[in-house]
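Before any comments, here is the structure.
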Protein chains: 2
Amino acid sequence: MPKNTFFNLPEKKRTRILNAAIDEFSKYSYEKASITRIVNTANIAKGSFYQYFENKLDLFRHIFMISADEKLKYLKPTLDKMESEDFFTTLRNLYVAGIEFVKENYKLSQIADRLMKSNNENLKNEIFGETKPKSNHFLKVLLLKGIKRGEIDSSIDVELVSVMLTNLSFTITEYYLKTNEKGIVTDDYSDLMEMVEKMIYTIENGIKIKGEDNNDY
Amino acid sequence: MPKNTFFNLPEKKRTRILNAAIDEFSKYSYEKASITRIVNTANIAKGSFYQYFENKLDLFRHIFMISADEKLKYLKPTLDKMESEDFFTTLRNLYVAGIEFVKENYKLSQIADRLMKSNNENLKNEIFGETKPKSNHFLKVLLLKGIKRGEIDSSIDVELVSVMLTNLSFTITEYYLKTNEKGIVTDDYSDLMEMVEKMIYTIENGIKIKGEDNNDY
DNA sequence: ATATAATATGACTATAAAGTCACATGACTA
DNA sequence: TAGTCATGTGACTTTATAGTCATATTATAT
């Protein structure tokens, strides 16, 4: 946790420091990010920094929490409607919300993304605690509910599929960013929706050709 | 390229250096890997290292090439049989071969994996050149062939699905390693095959419930 | 045996990092 | 006004890094 002195700071100064840190951590990994660069960008003294934060990790954890909170804001509406919607609607909305978060909070998403991809297990433990984040646990529950409701094929391996769907959410985000390079952010969501639609279609139906003459039975 | 002095070295010494480097780069990212640690592990002088390699990058590139060559050996049989096998058999064999490579060359696979995940675009360019590796291009061709042969649903988005299948190959590798933690390497491939089978099933058929009463038509 | 070329060496340079600390400045209180 | 406490500061310490270089050793050729 940042020290009280940090929260007592005038808002302008506080956000100046946060922005400098977000800039730095979105450009560089935790290890390569430099406190010296951050304090220079934010125009504060090195010593001041250590009046605000315990150390580099303390700052990084704070920034990461900001990112997680922000992402949750995007997912919240979908999570709230979960009970009344069918599985594929919820999944579709989660994917869309995920991409929207990345579109509108690119730097924050980069920071979280980098941490997820990182092989620095020490750092991950410091951030998440010993309990690894089972982001697929939620999808597992959702899948089981879908099976009960008769929406999902009960012969699937729920554990494996939940991991697949979790990773596909990263895949679609990356793919969207690649196909929409130059970072053009438009209010037109049609292409985004179309892409998610295609992916959901594939997840629903698979890629094998359908029709009476081609099945294995 | 390593210098001639390196290739002139007695084989024992050369492999000692290579093993030390592979150890280091499998434990640490390119940036955090330390030449000093490598020369200590390999029991050579710092100066000797620079008789063998131009610099750190020269060594890393060499190690990465070794990893890529080794992986290709695993994939080769499947690639050679490609024409005579159907799409899903080829995909299944590629996934299995990919996991086998990781099982039997864990350190090398870690090194390649870390580079793929890395956000150090400079480094990636140094290794791959300006042309980004389109590992999904191959799957795209394979998908198109599958569609022609009447094996694959022609209404899918080939580009998107090829990216999905590429990422799912990473997913299944990670998943296999997690469920088979402690690094127990057995000659029993039944659990590996079962897992790949489940994933292929899902890719083929999707996860939506099938049967006359539940379809949307 | 001598000369020459190839290889081995580790102290050293330059650079950058995180974190510290004695002191300076400002604000609020009695 | 004097005193106290919170905040601000940047030179400094420690530690680690990649890469260099003058010198020593060994192998080869004459």
Side-chain angles (χ1 to χ4, degrees), chain A residues 1-18 20-64 114 118 120 122-123 126-127, chain B residues 1-18 20-25 27-64 114-115 118 120 122-123 126-127:
Chain A
M1 274 274 284
K3 300 179 184 175
N4 282 326
T5 49
F6 180 66
F7 295 111
N8 292 339
L9 244 37
E11 201 186 319
K12 273 188 81 172
K13 190 170 186 178
R14 211 170 56 234
T15 58
R16 209 174 66 222
I17 296 169
L18 284 180
I22 290 171
D23 263 25
E24 181 73 9
F25 284 120
S26 72
K27 272 194 207 139
Y28 304 99
S29 66
Y30 176 76
E31 294 85 8
K32 280 182 84 187
S34 155
I35 299 296
T36 306
R37 267 196 303 261
I38 291 173
V39 299
N40 286 343
T41 307
N43 250 295
I44 59 168
K46 191 72 162 289
S48 297
F49 177 86
Y50 287 93
Q51 303 264 31
Y52 308 146
F53 300 96
E54 300 290 345
N55 47 38
K56 192 181 182 179
L57 179 66
D58 187 29
L59 168 66
F60 184 73
R61 201 179 351 226
H62 185 60
I63 299 284
F64 180 78
R114 215 191 289 277
S118 165
N120 185 339
N122 267 357
L123 177 62
E126 294 283 3
I127 301 292
Chain B
M1 273 273 287
K3 300 178 183 174
N4 282 327
T5 49
F6 179 66
F7 295 110
N8 292 339
L9 246 34
E11 201 188 317
K12 273 189 81 172
K13 189 171 186 177
R14 210 171 57 235
T15 57
R16 210 174 66 222
I17 295 169
L18 284 179
I22 290 171
D23 262 25
E24 182 73 8
F25 284 120
K27 273 194 207 140
Y28 304 99
S29 67
Y30 175 77
E31 294 85 8
K32 280 183 81 186
S34 155
I35 300 296
T36 306
R37 268 196 302 261
I38 291 173
V39 299
N40 286 344
T41 307
N43 249 295
I44 60 167
K46 191 72 162 290
S48 297
F49 177 87
Y50 287 92
Q51 302 265 31
Y52 308 144
F53 301 95
E54 300 289 347
N55 47 38
K56 192 181 181 179
L57 179 66
D58 187 30
L59 168 66
F60 184 73
R61 200 179 353 226
H62 185 59
I63 298 284
F64 179 79
R114 216 191 288 279
L115 180 62
S118 166
N120 185 338
N122 268 358
L123 178 62
E126 293 283 3
I127 301 292

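Residue numbering restarts at 1 for every chain, and letters A, B, ... go by the order of the sequence lines. As a basis for the values below, the full set of heavy atoms in this structure was taken, side chains included, without hydrogen atoms, waters or symmetry mates.
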Whole angstrom value for the distance that separates P of C:dA5 from CG of B:N4: 18 Å
Name the first nucleotide and the last nucleotide along DNA chain D (5' to 3') that come under 4.0 Å of a heavy atom in chain A. D:dT7 to D:dG10
Could you list the residues that satisfy salt bridge (Lys or Arg N to Asp or Glu O under 4.0 Å) with B:R14, not counting sequence neighbours? none
Just verifying a value: how many Å separate B:F64 CZ and B:I22 CD1, rounded to the nearest 0.5 Å? 13.0 Å
Under 3.5 Å, which N/O atoms of the protein pair with N/O atoms of nucleotides 8-13 of chain C?
from, atom 1, to, atom 2, distance (Å)
C:dA8, OP1, B:K13, NZ, 3.2
C:dA8, OP2, B:Y52, OH, 2.7
C:dA8, N7, B:Q51, NE2, 2.5
C:dT9, OP2, B:S48, OG, 3.4
C:dG10, N7, B:G47, N, 3.4
C:dG10, O6, B:G47, N, 3.3

So, the side chain of A:R61 versus the backbone of A:I127: is there a donor-acceptor pair under 3.5 Å, distance only? no
Nearest-angstrom distance from the residue atom CG of A:L123 to P of C:dA18: 14 Å
Here the distance between atom P of C:dG19 and atom CG of A:D58, to the nearest Å, is 10 Å
To the nearest Å, give me how far apart CG (A:L59) and P (C:dG19) are. 11 Å
Does A:R37 put a side-chain nitrogen or oxygen below 4.0 Å from OP1 or OP2 of C:dA17? yes
Which heavy atom of A:K3 sits nearest a heavy atom of A:Y50, and at what distance? NZ-O, 2.8 Å
side-chain hydrogen bond (donor to acceptor under 3.5 Å, both in side chains) against A:D23, all qualifying residues, sequence neighbours excluded: A:K107
Interatomic distance, B:S29 atom OG to A:K32 atom NZ [nearest 0.5 angstrom]: 8.5 Å
Please give me the minimum heavy-atom distance between B:A45 and B:V39, naming the atom from each residue. O-CG1, 4.2 Å
Among residues 23-36 of chain A, which ones have heavy-atom contacts with DNA chain D below 4.0 Å? none
A side-chain contact here means heavy atoms from C-beta on lying under 4.5 Å apart; do A:F6 and A:L18 qualify? yes
A:E24 side chain vs A:I35 backbone, donor-acceptor pair below 3.5 Å: no
Solution key, residues 52-60 of chain B side-chain donor-acceptor pairs under 3.5 Å, sequence neighbours excluded:
from, atom 1, to, atom 2, distance (Å)
B:N55, OD1, B:L57, N, 3.3
B:N55, OD1, B:D58, N, 3.0
B:K56, NZ, B:Y30, O, 2.7
B:K56, NZ, B:E31, O, 3.1
B:K56, NZ, B:A33, O, 2.8
B:D58, OD1, B:M1, N, 2.7
B:D58, OD2, B:E54, N, 2.9

Watson-Crick or G-U counterpart of C:dC23, or none if no pair lies under 3.5 Å: D:dG8
At their closest point, which heavy atom of B:A42 faces which heavy atom of B:R16, and how far apart are they? O-NE, 2.8 Å
